[in-house]
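Order of listing sets the numbers, starting from 1, for every ligand and every atom in it. Just so you know, residue 1 is the first one in the sequence shown, and it goes up from there.
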Amino acid sequence: MEAVKAILERAKSGADLSETEGVVLLRQKEPEAIAEICQTADDLRQKQAGDTVTYVINRNINFTNICEQHCSFCAFRRDEGEEGAFWLNTSQILEKTADAVRRNATEICMQGGLNPKAKLNGASLPYYLRLVQAIKAEYPQLHLHAFSPQEVQFIAREDGISYEDVIISLRDAGVGSMPGTAAEVFSDRVRRVICPEKIDTATWLEIVSIAHRMGVPTTSTMLCGHIETPEDAIAHLQKLRSLQQNAIENGYPAKITEFILLPFVGQEAPKPLRNRVGRDQPILEDTLLLTAVARIFLGNWIVNHQPSWVKLGLEGATEALKCGCNDIGGTLMEEHITTMAGAQGGTCMEVETLQKAIQSIDRSYQQRSTLYEYL
Ligand SMILES: C[S@@+](CC[C@H](N)C(=O)[O-])C[C@H]1O[C@@H](n2cnc3c(N)ncnc32)[C@H](O)[C@@H]1O
Ligand SMILES: Nc1c(NC[C@H](O)[C@H](O)[C@H](O)CO)[nH]c(=O)[nH]c1=O
Ligand SMILES: N[C@@H](Cc1ccc(O)cc1)C(=O)O
Ligand code: SF4
């Protein structure tokens with residue numbers, strides 16, 4: 001307990017914790033120590049981000065779930081022709097966008113499977129650019145938060161072009177920011193088990209750094225609660241922190257806007273990983289401790305922290321607002337990826353429901369843009 005208190009004092013004084021210190025915090029089992037860690041995270045949240053909790057009105061559009069990869073946590077992907085496979089055409093996407101705009105969305109969050117047939121004139125990039133242009137032509141004011149580093153690498157590989165060229169083209173067509181998914185856990189040992197076909201740690205960091213250099217802000221995520229160790233989790237946070245330090249120190253025009261913890265949902269995930277992890281739903285207590293440690297460890301470098309109501313339920317996400325989070329996330333309108341994995345939180349939130357959850361813990365709420373401007 002004395003060791004924990006000393007570490008928390010250092011964090012409160014504004015110091016960046018070492019990985020060893022982070023691991024000590026994450027390994028705590030005593031309720032008293034855990035309560036102190038959450039209290040420190042809550043204090044730092046107040047100091048760094050204030051008492052107002054933000055939300056964004058957005059819609060997820062997953063344009064296809066046909067994917068050439070086979071991540072062992074993913075219940076969303078399908079082979080072409082398999083039951084449940086889908087691939088939206090432009091008019092379906094525009095209908096969903098029109099409905100989102102009618103419901104006051106400011107953001108479309110677009111991601112999909114890696115579909116080698118998604119090409120125009122034999123190339124992937126023009127296909128993705130057409131998705132972007134179709135939306136931006138009709139709704140130039142909408143913010144497009146689209147395509148993970150894995151999707152960027154897929155396009156570059158299919159077309160034999162550089163990551164930089166892909167990112168510049170997407171940016172110039174109207175992509176406003178990049179979701180920091182596909183990060184999973186930055187341990188190549190773990191990645192060989194849970195996502196052996198995915199980009200490795202170094203490539204994820206490289207692509208996100210290029211995005212920052214090219215003026216494209218990104219989010220950042222971590223998939224937790226599967227086979228990662230506390231050391232893996234802290235190493236992941238350390239890599240995000242130093243990526244952000246690098247963007248700031250080099251004066252890049254963009255950086256990481258937020259950190260989102262994504263607890264693994266196993267219920268409908270492929271059986272090998274589901275069985276190895278041994279549970280269907282995330283353990284709330286473990287998620288909350290990691291939420292708090294992430295706030296403390298990322299320090300002043302990443303000030304916006306968001307829980308996932310999809311995965312924790314709105315009640316669990318509201319608890320996370322007391323353990324370091326200052327944002328409740330998006331309305332989403334239709335969530336598929338983790339809902340297909342058996343997540344219990346729902347697929348859509350009304351603005352009023354998010355506001356009530358925030359009010360229930362005596363905090364004020366505020367609508368934000370994707371880039372955290374108050375609206
Ligand atoms: C499904 S992918 C979509 C974009 C693209 N296919 C990719 O992998 O980057 C988005 C993210 O969803 C998350 N996800 C997928 N299955 C999940 C599950 N069963 N539980 C929690 N998160 C999951 C992963 O973190 C993954 O990177
Ligand atoms: N937590 C989840 C999110 N969060 C992302 C936000 O909705 C938003 O796009 C971001 O904060 C940028 O403004 N998105 C999901 O699709 N699923 C989640 O579980
Ligand atoms: N789109 C979110 C993150 C996200 C997306 C899909 C998920 O299933 C989970 C998380 C972001 O980076 O901003
Ligand atoms: S997580 Fe993404 S890349 Fe992996 S199988 Fe699912 S859709 Fe494909």
Side-chain angles (χ1 to χ4, degrees), residues 56 58-79 85-86 107-116 118 128 143-155 176-186 191 194-199 203-204 207-208 211 216-226 228 236 256-271 273-274 277 279-282 287 304-312 327 329-330 332 334-345 347 368 370-372:
V56 61
N58 66 351
R59 181 180 200 122
N60 278 350
I61 298 183
N62 300 125
F63 55 97
T64 185
N65 65 347
I66 298 172
C67 187
E68 66 169 25
Q69 295 195 357
H70 310 79
C71 300
S72 69
F73 51 78
C74 184
F76 168 74
R77 73 158 304 282
R78 293 288 186 277
D79 290 327
F86 67 82
E107 169 192 309
I108 296 291
C109 174
M110 190 149 68
Q111 308 188 90
L114 312 170
N115 182 351
Y128 282 82
H143 183 106
L144 257 178
H145 179 61
F147 313 131
S148 74
Q150 176 57 68
E151 292 173 286
V152 168
Q153 186 266 358
F154 171 74
I155 298 167
S177 54
M178 183 193 285
T181 42
E184 319 313 358
V185 160
F186 294 143
R191 298 178 85 77
I194 68 168
C195 51
E197 299 155 291
K198 257 198 174 132
I199 50 175
T203 307
W204 192 96
I207 291 172
V208 170
V216 179
T218 72
T219 62
S220 62
T221 65
M222 167 161 58
L223 185 73
C224 66
H226 43 91
E228 84 285 9
H236 184 103
I256 296 170
T257 55
E258 69 185 19
F259 174 72
I260 315 164
L261 190 58
L262 304 173
F264 168 62
V265 174
Q267 190 170 308
E268 306 297 333
K271 285 304 159 227
L273 185 65
R274 154 71 191 77
V277 172
R279 77 181 100 77
D280 289 336
Q281 298 297 329
T287 311
N304 298 310
H305 288 239
Q306 176 189 131
S308 175
W309 55 256
V310 179
K311 296 155 182 77
L312 294 178
D327 181 81
L332 300 182
E334 49 173 330
E335 205 286 337
H336 297 282
I337 296 173
T338 1
T339 301
M340 288 168 80
Q344 306 284 302
T347 63
R368 66 162 168 94
T370 305
L371 304 180
Y372 282 81

- Task: Among Q69, Q150, E184, find the one that has a side chain to side chain donor-acceptor pair (under 3.5 Å) with K198.
- Result: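 Between K198 and the candidates, side chain to side chain donor-acceptor pair (under 3.5 Å) is satisfied uniquely by E184.
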- Message: Residue-level breakdown please: for Q69 versus ligand 4, do any non-hydrogen atoms fall below 4.0 Å on the side chain, on the backbone, on both, or on neither?
- Response: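 The answer is both.
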- Just let me know how C71 lines up against ligand 4, side chain, backbone, both or neither, with a heavy-atom cut-off below 4.0 Å.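 Contact part for C71 vs ligand 4: both backbone and side chain.
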For ligand 3, the portion of [X] having any non-hydrogen atom under 4.0 Å away:
X: P179; value: both
X: V310; value: neither
X: N60; value: neither
X: M340; value: neither

- To which protein heavy atom is atom 20 (N) of ligand 1 closest, and what is the distance rounded to 0.1 Å?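 Of the protein heavy atoms, V265 N, 3.0 Å lies nearest.
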- Nearest protein heavy-atom contact for atom 8 (Fe) of ligand 4: which residue, which atom, what distance?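 Protein heavy atom at minimum distance: C67 SG, 2.3 Å.
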- Aromatic contact, F154 with F147 (centres under 6.0 Å):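 Centroid separation for F154 and F147: 6.0 Å or greater.
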Considering only heavy atoms, which of [options] lies nearest to [atom]?
atom: atom 4 (C) of ligand 1; options: A75, A182, G112; result: G112
atom: atom 3 (C) of ligand 1; options: T181, T64, I260, I337; result: I337
atom: atom 7 (C) of ligand 1; options: G180, S148, P270; result: S148
atom: atom 24 (C) of ligand 1; options: E184, Q150, E268; result: E184

- Query: With a 4.0 Å cut-off on heavy atoms, does Q111 reach ligand 3?
  - Reply: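 Within the 4.0 Å threshold, so yes.
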- Message: Tell me whether ligand 3 is touched by H336 - counting only heavy atoms on the residue side and a distance under 4.0 Å.
- Response: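 No, H336 has no heavy atom closer than 4.0 Å to ligand 3.
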- Measure across P116 and E68 and return the closest heavy-atom pair with its distance rounded to 0.1 Å.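 Minimum heavy-atom contact is CG-OE1, 3.6 Å.
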Of all the atoms in ligand 1, which lie at a distance below 4.0 Å from a heavy atom belonging to [X]?
X: A341; value: 19 (N)
X: Q111; value: 4 (C)
X: L223; value: 21 (C), 22 (N), 23 (C)

- Item | Atoms in ligand 4 with a heavy atom of F73 nearer than 4.0 Å |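 Going through ligand 4 atom by atom, the ones under 4.0 Å from F73 are 1 (S).
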- For ligand 4, is there an atom lying under 4.0 Å from some heavy atom of K198?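 For ligand 4, residue contact (heavy atoms, under 4.0 Å) with K198 is present.
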- Query: Does P263 have a non-hydrogen atom less than 4.0 Å from ligand 1?
  - Reply: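 Flag set, P263 near ligand 1.
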- Determine whether any heavy atom of A343 lies closer than 4.0 Å to an atom of ligand 1.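 No.
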- Message: Heavy-atom distances under 4.0 Å decide this one: backbone, side chain, both or neither, for R77 against ligand 1?
- Response: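 Answer for R77: neither.
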- Task: Measure up the H236 and F186 rings against each other and bin them: parallel (under 30°), tilted (30 to 60°), perpendicular (over 60°).
- Result: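 Aromatic pair H236/F186 classed parallel.
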- Within a distance under 4.0 Å of any heavy atom of C109, pick out the atoms of ligand 3 and give their elements.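 Close to C109: 1 (N).
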- Query: Could you walk me through whether I61 and I108 pass the side chain to side chain contact (heavy atoms under 4.5 Å, CB included) check?
  - Reply: CA-CA 7 Å; I61 298 183; I108 296 291; 3.9 Å; yes
